[in-house]
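Bear in mind that the values here come from a model prediction, so they are computed numbers and not experimental data.
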Amino acid sequence: MTNMFKPIKILKGVADKRAGLYENLGIYTPFDLLHHFPRNYIDYENPISINEAKINENNVVAGVVLKKAPEQRIRQGLSIYKVLVTDGIDNFYVVFYNNIYAQNALNEGEEYVFYGKVTFSYSNYEMNSPQYISRDSGITLKPVYHLTAGLTNTMLCTNIRDCLKIFESESYEFMPEDILRDNNLCSLEYALKNIHFPSDKSALEKARKRLIFNELLNLQLGMRMLRERNAESKAGFVMDSSVDIEKFLGDLPFKMTNAQRSATLDIIGDMCRERPMNRLLQGDVGSGKTAVAAAACYFCAANSCQAALMAPTEILATQHYKTLSAFLVPFGIKVCLLTGSVSAKQKSNIKSDIALGEYDVIVGTHAIIQKDTQFKNLALVITDEQHRFGVAQRNALAVKGNSPHRLVMSATPIPRTLAMMIYGDLDISVINELPAGRIPIETYAVTGGYRDRIYEFIRKHINNGRQAYIVCTVIEQNETDLKSAVEYKDKLSDTVFKEFNVGLLHGKMSAKEKDDIMNEFKEGRIDIMVSTTVIEVGVDVPNAVVMMIEDADRFGLSQLHQLRGRVGRGREKSYCVLVTENHSQEAKKRMKIISSLSDGFKISEEDLKLRGPGDFFGHRQHGLPCLKIADMTDDFEVFERTRDIAHQIISEDSRLISPKYQGLRGEVQRLFASAEE
Ligand code: ADP
Ligand code: MG
């Protein structure tokens with residue numbers, strides 16, 4: 001199959017210029033072009049008549065050409081070519097701009113099927129620059145491709161037909177026969193032909209099924225191979241499994257949930273093995289990940305090793321420091337905090353103590369711990385990623401110490417399917433239950449007209465000794481009417497909430513300022529905290545029971561859920577009020593989802609449905625290959641099946657070097673090479 005991987009210029013009609021355009025689309029070879037799948041298909045099968053058409057939308061309409069009007073020259077560089085068409089009942093005009101070819105190709109008296117936007121004005125229907133096929137062409141589905149300026153859909157179709165010819169002459173099949181048979185899959189040749197030029201819908205379905213299977217299987221194989229390679233890497237510190245964790249668990253101020261407990265045991269199990277742990281701890285806000293992290297640190301310290309916990313912000317690092325200290329210090333474990341706001345002198349003292357092994361557990365911000373900190377015997381690195389995720393930066397953490405065990409904590413309620421994709425080379429523990437006795441947060445979505453009533457609601461709670469958050473989107477007033485935190489705070493403390501202490505927290509404040517104000521809030525000296533989304537990250541004030549979110553439609557669903565997680569942390573019933581002036585269907589739907597669901601995983605699934613997985617997989621931030629055809633939400637079953645098959649294959653032949661699997665290896669390599677471009 002040599003020609004498939006030659007430069008794209010071997011195709012007829014492709015010279016430097018067009019090759020350059022293809023390059024813009026990431027297409028370099030006929031193979032690449034064949035894998036540039038249509039983004040859509042025009043369905044010519046069931047045309048309608050023009051009076052059934054949806055106005056200002058794309059429609060498929062059949063009609064006979066009555067008359068081709070002469071060119072109308074509107075001005076220099078703009079000519080219009082009109083064609084009068086009838087569907088037997090109504091007449092309509094088909095209009096082409098500067099495209100005499102399109103008009104010429106139509107014959108008077110013949111029937112066509114047109115696809116394009118239909119407009120209606122002065123009691124006339126028009127179709128603007130439609131695509132069309134002859135009614136008796138036999139085509140039912142026509143591919144529509146992602147293009148770039150200078151490339152037309154027709155050019156792509158022509159070039160792809162050429163690629164298909166090359167493929168036919170060199171036809172190959174990389175998938176072992178038994179896998180094809182067991183999974184009822186068509187040949188690669190059939191699949192490639194019919195994904196581009198389906199003979200009908202069922203052929204298209206067959207083609208899609210095969211190609212989705214390919215993609216997911218290759219992905220899984222690649223992940224497995226990566227994982228095997230990691231497993232071959234240096235051994236971590238093997239801890240002593242006889243260290244008694246129950247001593248620690250029994251001393252906690254609460255009883256761990258079953259999910260917390262089993263995550264803890266997963267982690268301990270990992271750390272007692274040779275292969276360094278590489279685990280994701282996933283749990284919704286408030287599920288109690290910190291206690292699990294503390295247990296891991298305890299186990300590590302009891303094994304006379306150091307553990308580090310890294311947080312994305314200072315507020316969070318400080319909070320973790322306090323929580324961990326409370327859990328660990330009673331056992332004689334030494335905990336320290338290392339953040340940017342520690343003075344230079346203190347910093348160097350702490351660092352030299354860390355190097356000497358004076359501290360067992362080191363808590364800090366990502367940057368500080370990663371940079372130049374020397375450890376004595378670092379055996380466990382915990383990263384609190386909160387809602388961010390990405391594979392790339394994670395790998396940078398491995399360098400410290402002697403391949404320490406790694407634990408990543410994430411509150412991003414990524415649906416399991418996505419987590420398995422993004423973190424495919426990690427083991428996953430999910431905390432899927434909240435501590436008992438949590439009272440669900442009541443969430444309402446209202447318009448600005450209710451603002452005064454919400455203020456009264458807040459006042460009532462503050463008079464009962466509770467506290468509240470008010471979240472808004474921006475820091476300084478700009479031309480939009482989004483609530484600005486600074487002005488909003490001033491207004492509230494001057495008028496509505498004159499009798500209360502109103503604080504302000506935003507991202508432009510220094511770490512010290514943020515910490516100070518947050519501490520005042522924690523200690524109850526501030527009643528109402530007006531804030532931008534900086535509080536999103538893990539801040540724990542159990543006495544805060546109301547959160548009001550202005551312009552709630554501006555936030556993603558998962559983000560709203562994270563924000564809301566700041567209340568409902570204590571014994572009192574908590575409330576979240578979403579204020580929005582956005583009356584679009586989309587906004588309403590989103591507000592409805594967030595008010596009716598409390599499970600972060602379900603919310604993110606809904607979020608995913610609304611936004612589409614493109615947001616997750618369109619970008620390469622995760623360092624994984626882009627999926628061209630498979631969709632993690634729709635194709636989950638295939639995903640699971642291919643995972644089992646990949647497992648089977650890798651256990652037979654972990655490097656895919658046997659003749660049976662060699663072909664697959666090539667495919668996997670190509671897929672992953674594309675992720676590294
Ligand atoms: P997150 O997973 O969002 O980081 P935290 O670790 O901050 O959650 O825990 C949230 C709150 O729940 C904390 O106040 C913590 O002390 C408390 N908590 C954790 N586990 C339990 C439990 N098993 N029972 C009762 N309260 C718990
Ligand atoms: Mg947390």
Side-chain angles (χ1 to χ4, degrees), residues 1-42 98-99 101-102 105 115 129 131-133 139 141-174 188-198 204 207-208 210-212 214-215 218-219 222 612-614 617-631 663 666-677:
M1 23 171 240
T2 46
N3 282 337
M4 285 302 282
F5 297 100
K6 288 207 174 133
I8 190 93
K9 282 199 279 185
I10 66 159
L11 297 180
K12 261 178 274 159
V14 181
D16 285 342
K17 177 155 171 273
R18 198 181 294 182
L21 297 176
Y22 275 128
E23 225 167 89
N24 294 342
L25 293 172
I27 296 168
Y28 301 91
T29 62
F31 178 91
D32 295 337
L33 185 53
L34 264 189
H35 289 78
H36 187 67
F37 302 133
R39 71 177 162 82
N40 208 342
Y41 300 84
I42 302 173
N98 287 341
N99 191 348
Y101 308 101
Y115 170 82
S129 310
Q131 304 194 40
Y132 59 85
I133 54 164
I139 297 175
L141 294 163
K142 200 178 154 201
V144 182
Y145 295 97
H146 277 296
L147 301 170
T148 181
L151 272 181
T152 65
N153 210 57
T154 314
M155 287 177 195
L156 251 82
C157 287
T158 313
N159 292 150
I160 287 172
R161 284 194 193 278
D162 237 16
C163 294
L164 282 171
K165 279 201 198 108
I166 298 177
F167 186 88
E168 267 167 49
S169 69
E170 302 178 349
S171 186
Y172 67 98
E173 178 61 79
F174 58 82
L188 186 59
E189 183 173 329
Y190 182 94
L192 288 173
K193 236 189 221 167
N194 282 283
I195 197 72
H196 291 289
F197 308 110
L204 176 60
R208 279 180 52 80
R210 163 73 205 255
L211 294 169
I212 288 168
N214 277 6
E215 189 162 65
N218 294 342
L219 187 75
F617 289 104
H619 313 294
R620 294 196 168 161
Q621 68 209 41
H622 42 67
L624 287 177
C626 265
L627 294 182
K628 290 204 166 90
I629 188 163
D631 176 319
E667 291 289 301
V668 172
Q669 279 167 347
R670 267 190 292 278
L671 181 69
F672 277 76
S674 75
E676 279 157 20
E677 270 159 20

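- For Tyr115, the side chain to side chain donor-acceptor pair (under 3.5 Å) criterion is met by Asn58, not counting sequence neighbours.
- Nearest heavy atom pair, residue Thr29 against residue Met4, reads CB-O, 3.5 Å.
- When the side-chain contact (heavy atoms from CB on, under 4.5 Å) test is applied to Ala191, the partners found at least two apart in sequence or on another chain are Cys186, Ala207, Arg210, Leu211.
- For Asn98, the side-chain contact (heavy atoms from CB on, under 4.5 Å) partners two or more places apart in sequence, or in a different chain, are Leu78, Ser79.
- Looking at every heavy atom in both residues, Val14 comes nearest to Ala19 through CG1-N, 3.8 Å.
- The salt bridge (charged side-chain N to carboxylate O under 4.0 Å, His left out) contacts involving residues 5-14 comprise Lys9-Asp16, Lys12-Asp162, where partners must be two or more places apart or lie in separate chains.
- With rounding to the nearest 0.5 angstrom, the CZ atom of Arg18 is 5.0 Å from the CG atom of Asn159.
- Separation of atoms CD (Glu667) and CG (Asn214) is listed at 6.5 Å; rounding is to 0.5 Å.
- Here the OH atom belonging to Tyr41 is positioned 7.5 Å from the NE2 atom belonging to His196, to the nearest 0.5 angstrom.
- Taken from CD1 in Ile160 to CG in Leu33, the straight-line distance is 4.5 Å, to the nearest 0.5 Å.
- Taking CG of Asn153 as the start and CD1 of Ile42 as the end, the distance is 7.0 Å to the nearest 0.5 Å.
- For Thr152, the side-chain contact (heavy atoms from CB on, under 4.5 Å) partners at least two apart in sequence or on another chain are Thr154, Met155.
- Side-chain contact between Pro30 and Ile10 is present, with at least one heavy-atom pair separated by less than 4.5 Å.
- Under the salt bridge (charged side-chain N to carboxylate O under 4.0 Å, His left out) criterion, Glu23 pairs with no residue, sequence neighbours left out.
- Considering only residues two or more places apart in sequence or on other chains, Phe37 meets the ring-ring contact (aromatic ring centres under 6.0 Å, His included) condition with His35.
- Here the closest non-hydrogen pair linking Ala102 and Tyr132 is O-OH, 2.7 Å.
- If you look at Phe167 and Tyr172, their ring centroids are closer than 6.0 Å.
- In terms of the side chain to side chain donor-acceptor pair (under 3.5 Å) criterion, Asn218 has no residue partners (sequence neighbours excluded).
- Atoms CD1 and CG, from Ile166 and Leu11 in turn, are 5.0 Å apart once rounded to the nearest 0.5 Å.
- Nearest heavy-atom pair, Leu204 versus Asn194, reported as atom, atom and distance to 0.1 Å: CD1-O, 3.7 Å.
- Partners of Glu189 under the side chain to side chain donor-acceptor pair (under 3.5 Å) rule, at least two apart in sequence or in another chain, are Ser171.
- Residues forming a ring-ring contact (aromatic ring centres under 6.0 Å, His included) with Tyr22 (at least two apart in sequence, or on another chain): none.
- Applying the side chain to side chain donor-acceptor pair (under 3.5 Å) criterion to Lys142, with sequence neighbours excluded, gives Gln131.
- What you find for Phe197 and Cys157 is that their closest heavy atoms are CZ-O, 3.6 Å.
- Here the closest heavy-atom approach between residue Asp32 and residue Gly26 is recorded as OD2-O, 4.1 Å.
- By the side-chain contact (heavy atoms from CB on, under 4.5 Å) test, Leu21 is found to be paired with Asn24, Thr148, Leu151, residues two or more places apart in sequence or in another chain being considered.
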